[in-house]
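Below is one structure, written out as C-alpha cells, with a few remarks after it.
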2 protein chains.
Amino acid sequence: MARTQGSRAEITGPLVRQAARRLFARHGYAAVSMRQIAAAVGVQAGALYAYTPDKQALLADLLRDHMELLLAAWEDEGGDPLARLERFVRFHIGYSLDHPDEVFLSYMELRNLTPDNHAAIAALRGRYETALADILRAGAEAGVMRVADARLAAMALIAMLTGVTNWFREGGRLDRAAVADHYWTLARGAVGAG
Amino acid sequence: MARTQGSRAEITGPLVRQAARRLFARHGYAAVSMRQIAAAVGVQAGALYAYTPDKQALLADLLRDHMELLLAAWEDEGGDPLARLERFVRFHIGYSLDHPDEVFLSYMELRNLTPDNHAAIAALRGRYETALADILRAGAEAGVMRVADARLAAMALIAMLTGVTNWFREGGRLDRAAVADHYWTLARGAVGAG
DNA sequence: GTCTATAAGTAGATAGAC
DNA sequence: GTCTATCTACTTATAGAC
C-alpha cells in the first residue's frame, strides 16, 4: 500500500496512546479533550479516530494493556515464601515507579469505564491480588508468616506499596533502593515476619 | 428580610454540597456538570451560583472542609505510643468508612484544584501525616517500635489504611470491627511491634 | 493517514424577571 | 432565592477532500 501524504501511522499510533496516558494521568480522563491529545501528538483531532473508535476505547485499552503487562512482568519463581514476598514487594515498587502514569490511571479511572470494560479490568486486578494472596497463604502454612486473612492482607499491602507513587520524586531525599528497603521492612513486619 | 417565592436557602445550601460531594466522588469532578448537581438538588443550574462563585470553589470547599473536620476529629490523647497508634489506626479506618466520598475525593481530585487551593489542601494533609509520624517517632524513641523513617512509614500506613475504602462493603464477609482488627495487626507488625 | 469543515450537543456562567 | 433564557466556548464524532 502506497504511503499517502503526511501518513506516519507507525509512530502516530504509539504517540496517541502515550499522549493520552500522560494527559489522562495528569488531569483525569473527563478533563482531557480529544483536541488536547491531538495537539500533544501534533495532528488534528479528527486524525485520532484512525487509531481508536472513541475516547472510551482509548482509556479502556490503556488500562487493559497496563494490567496485562503488569501480570506478564510478574513471575513468581516459587521457593521460600519470604523470598517470594520480598521479590513481590521490590517488583511492585519498581514497576510502579517505572510506570507511574499507568499505575495512577489504573486505580483512578476505573469509574470512567463502561460496565463491560470495568469488569474486564477488575478481573485482571483480581488476578494480581491473588498472586500476592497465594504467597501470603503459603507463608502462613509454612509458619514463616502470621496472616489471618490473606485476601485482606494482599489488598492492604498493595495499597501501601502503590502509595509510593504519591510522594516519591527522583532525586529526592531517598533513592529507589532505599525506598524499596524501607517498604520491604514494613511489609515483612506487617505479615509477622519482622 | 422577607422570604421570596420558592426560597429555601437553609436547606438548599447543604443539599448543593451534599450532591456535589456524592457526584464528584462517583464520577469525578470534571465529569460532573453543574446541571447534574442542580438536578440532584431539585433546582435549576443558575440557582447554584447563589451558593458558590464557581465550580472550582465548590470542590475546594468540600476538600478543605473534609480535611479540617478530619484534623479536628483526631485527638491524640498521648500516653503509651502503641496505644496511640492503635487509636490512630482504628480512628482512621472508622472515619474513612464513615466518610467514603470525602476520603475518595481528597486524594483523587487534588489535581483538579488550582495551585492555590492545592497548596492549602496539601498543607492540611501534611499536618495529618505529621500527627501519625509523631506517634511513630515517639514509639521508636521509647523502644517499642522499629521505624527507620517515620515520615515514610506514616505515608505508607495511611495509604494502607485508606485503601480499605476501595473494597469494604457493609454487610460483606467481614464487619467493621473485624476489618479494624486485621488492619491493626498489620500496622502493628509493620512498625516492628508485632 | 491526515486534513478542513461541520454537525449536534453540552459546558460554565450570567442577566433579568419574579 | 429561584426561574427562564441566553451567551460564548468547547465537546465528541463524522464527512469528504487530498
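Heavy-atom basis, side chains included; hydrogens, waters and symmetry copies ignored. Letters A, B, ... mirror the listed sequences (proteins, then strands); counts begin at 1.
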(message) From CZ of B:R35 over to C1' of D:dC7, roughly how many Å is that when rounded to an integer?
(response) 11 Å
(message) Of the options D:dC3, C:dG12, D:dA13, whose atoms approach the side-chain atoms of B:V43 most closely?
(response) D:dC3
(message) Counting only side-chain nitrogens and oxygens, does B:Q44 get under 4.0 Å of the OP1 or OP2 atom of D:dT2?
(response) no
(message) With a 3.5 Å distance limit and no angle check, can you tell me whether B:R87 reaches the backbone of B:E75 through a side-chain donor-acceptor pair?
(response) yes
(request) Return yes when atom CZ of B:R22 has more than 12 non-hydrogen atoms of other residues, nucleotides or ligands closer than 6.0 Å, and no otherwise. (result) no
(message) Please pick, from C:dA13, D:dT11, C:dT2, the nucleotide with the shortest atom-to-atom distance to any side-chain atom of A:S33.
(response) D:dT11
(request) Mind calculating the distance between CG (A:L58) and P (D:dA13) to the nearest angstrom? (result) 10 Å
(message) Closest approach to the side chain of A:D54, judged atom by atom: which nucleotide of C:dA13, D:dA13, C:dT4 is it?
(response) D:dA13
(request) Kindly say if A:T12 contacts the phosphate of C:dG1, meaning a side-chain N or O under 4.0 Å from OP1 or OP2. (result) no
(request) Could you tell me the separation between the OH atom of A:Y49 and the C1' atom of C:dT4, rounded to a whole number of Å? (result) 16 Å
(message) Atom CZ of residue position A:R111 - does it have more than 12 heavy atoms of other residues, nucleotides or ligands inside 6.0 Å?
(response) yes
(message) Nearest whole Å is fine: how far is C:dT10 P from B:K55 NZ?
(response) 15 Å
(request) Could you check which of C:dA13, D:dC3, D:dA13 has an atom nearest any side-chain atom of B:A47? (result) D:dC3
(request) Apply the test ring-ring contact (aromatic ring centres under 6.0 Å, His included) to residues A:F104 and A:H66: give CA-CA distance (whole Å), side-chain angles for both, the deciding distance (0.1 Å), then the verdict. (result) CA-CA 11 Å; A:F104 195 74; A:H66 163 59; over 10 Å; no
(message) Looking at A:Y51, I'd like to know whether one of its side-chain N or O atoms comes within less than 4.0 Å of OP1 or OP2 on C:dT2.
(response) yes
(request) Rounded to the nearest angstrom, tell me the gap between atom CG in B:L15 and atom P in D:dG1. (result) 15 Å
(message) Need one value for A:V32: base, sugar-phosphate or nothing, where a base atom within 4.0 Å counts as base even if backbone is also close, heavy atoms only.
(response) sugar-phosphate
(request) Starting from C1' on D:dT2, measure out to CD1 on B:I37 and report it in whole angstrom. (result) 17 Å
(message) Whether the A:R151 and A:T130 side chains hold a donor-acceptor pair (N or O, under 3.5 Å, no angle test) is what I'd like checked.
(response) yes
